[in-house]
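Report on the structure given below.
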Amino acid sequence: MSALIEGSWDDARGIAQSTFKQLKSESLPVAQCVNRTLAVDAKSLVDLPTYATSAMDGYAVSGPGPWKIVGEVKAGLPMKGVLESGAAVGIATGAVIPEGTFGIIRWESAQVDGTELNGAVVKDQDIRPPAHECKAGDVIVNKGTVLNPAMIGLLAAAGFDEIDVVTAPRVALVLLGDEIQLKGIPRDGLVRDALGPQLPGWLNAMGAQIISTQYISDQLDLVITALKDACEKADIVITTGGTAQGPRDYLHSALEAVGANILVDTVKVRPGHPMLLARKGDVAILGLPGNPQSAIVALASLGQPVIGSQLGQTHKKLAKVITASELSAPQDFTRLIIGNLIDGQFHVAPYLGSAMLRGLAHSDGFAIVTKALTGVGEQVRWLDLPA
Ligand SMILES: Nc1nc2c(c(=O)[nH]1)N[C@H]1C(S)=C(S)[C@@H](COP(=O)(O)OP(=O)(O)OC[C@H]3O[C@@H](n4cnc5c(N)ncnc54)[C@H](O)[C@@H]3O)O[C@H]1N2
Ligand code: MOO
């Protein structure tokens, strides 16, 4: 496949979404699977509810009243035998309904005199029927879903001890640049590394795991060695800086030297213009521009779809929102504009410059702007930053 060179943002994103295969899966205890992506359709192992149970604390009654109270049924301790006509038993919420029960009278509506019970009841009153929520074999969570805590609870209720989730893509980070300073106040023209510390947070939120972080000087042989090593152990290699064509930008030459195929080389988007996506076998190589805001734009634009594909997630169409701010984009370019959704409307953030993080730091995502001018009240697409 030939590379998409300075193509549209949507085409580049389409390539990022469609090129990479789902990784293998692993079986883990359900409680450890929150935020993991389900590798199979989860089919309930039981009917839910599994038994007919009482929805309320009260009395299970059989036949017409008045009834004689003959005992008590607790949750987890089903009554043995049949509830005879004219008999009642005290019953707790969640306890199994005795065979022969007509309905439940809540304790607050029951008239009790010694062992005699009176009250109004209709058939099956306050009884939760079995399989009301699902039958054994029903799909309760679809393959490709990112599991939230409620789903974890549902899977446990449905009888699962372990479940198959997709392995988290392994990311090797390779940060390029002689000017990068890792600690302290920047001095002598050096720049504090603003990407090494933030990329793990974004990548973890997208479902990936960092397996290594390397800082590499602007020397072609070092960049080649770092890329080779990273490609041997990772599912995604993410580089920062060196994507442009400047005198010390070695990413293109290094990709050629390691035998990677470039899929996307520069995109008609601002910020993030020199973003790059390549592959070496099944390994994705994502080149994030060095300017910090541009790097995060590239990660959200191309990195998130690659990770989504490797996790077997379905790529959703972007939602549309109304903009409360007037927005512009350069001719023939897509612009990703940082901002927030307030009452469902997009409000642009300050500090839009591609080298700045101050606006991005307080933004929830990006408006995707393709027209030269989008007026207040018009629709734009919205790309969420992962939370
Ligand atoms: N003649 C041209 N020059 C540039 C163009 C162009 O089209 N023609 N494109 C500009 C755009 S747009 C961007 S974005 C940058 C991309 O540059 P690189 O990916 O090659 O990145 P570097 O040159 O290495 O660095 C750019 C900038 O970012 C700072 N940086 C890099 N890494 C980090 C880090 N880890 N933490 C904080 N800051 C970082 C670096 O110091 C530079 O200031 O190229 C433009 N140039
Ligand atoms: O496109 Mo560059 O990424 O604006 O700074």
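Atoms within a ligand are numbered from 1 in the order they appear, just like the ligands themselves. Note that the structure is a prediction, hence the values are computed from the model and not measured.
Salt bridge absent: Glu84 and Lys68 never bring a charged side-chain N and a carboxylate O closer than 4.0 Å. Using a cutoff of 4.0 Å between basic side-chain nitrogens and carboxylate oxygens, Lys268 and Asp332 are not scored as salt-bridged. Under the 4.0 Å criterion applied to side-chain N and carboxylate O atoms, Lys316 and Asp384 are not assigned as salt-bridge partners. Salt bridge Asp41/Lys143: absent, no basic N to carboxylate O contact under 4.0 Å.
In this structure, Asp113 places its CG atom where only 12 or fewer heavy-atom neighbours from other residues, nucleotides or ligands lie under 6.0 Å away.
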Filter the ligand 2-protein atom pairs down to N or O on both sides and distance under 3.5 Å, then list them.
unit_1, atom_1, unit_2, atom_2, d
ligand 2, 1 (O), Gly272, N, 2.8
ligand 2, 1 (O), His273, N, 2.9
ligand 2, 3 (O), Gly272, N, 2.5
ligand 2, 3 (O), Ser294, OG, 2.5
ligand 2, 5 (O), Asn291, ND2, 3.0
ligand 2, 5 (O), Ser294, OG, 3.0
ligand 2, 5 (O), Ser354, OG, 2.6

Report each N/O pair between ligand 1 and the protein that falls under 3.5 Å, naming both atoms.
unit_1, atom_1, unit_2, atom_2, d
ligand 1, 19 (O), Gly242, N, 3.4
ligand 1, 19 (O), Thr243, N, 3.0
ligand 1, 19 (O), Thr243, OG1, 2.5
ligand 1, 19 (O), Gly290, N, 3.0
ligand 1, 20 (O), Gly242, N, 3.2
ligand 1, 20 (O), Thr243, N, 3.0
ligand 1, 20 (O), Ala244, N, 3.0
ligand 1, 20 (O), Asp249, OD1, 3.2
ligand 1, 20 (O), Asp249, OD2, 3.3
ligand 1, 21 (O), Gly242, N, 3.3
ligand 1, 21 (O), Gly290, N, 3.3
ligand 1, 24 (O), Gly242, N, 3.2
ligand 1, 28 (O), Gly290, O, 3.1
ligand 1, 28 (O), Asn291, N, 3.1
ligand 1, 30 (N), Gly290, O, 3.2
ligand 1, 35 (N), Asp193, OD1, 2.9
ligand 1, 36 (N), Ala194, N, 2.9
ligand 1, 41 (O), Glu179, OE2, 2.7

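Of the possible donor and acceptor atoms, one in the side chain of Asp193 sits under 3.5 Å from a partner among the backbone N and O of Leu195.
Between Phe333 and His273, the ring centre distance stays below 6.0 Å.
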**OP:** Go through the steps to decide whether Asp364 and Trp382 satisfy the test side chain to side chain contact (heavy atoms under 4.5 Å, CB included), and finish with yes or no.
**Re:** CA-CA 10 Å; Asp364 295 332; Trp382 167 253; 4.0 Å; yes
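Counting only heavy atoms from C-beta outward, the side chains of Thr266 and Ile5 never approach each other to under 4.5 Å.
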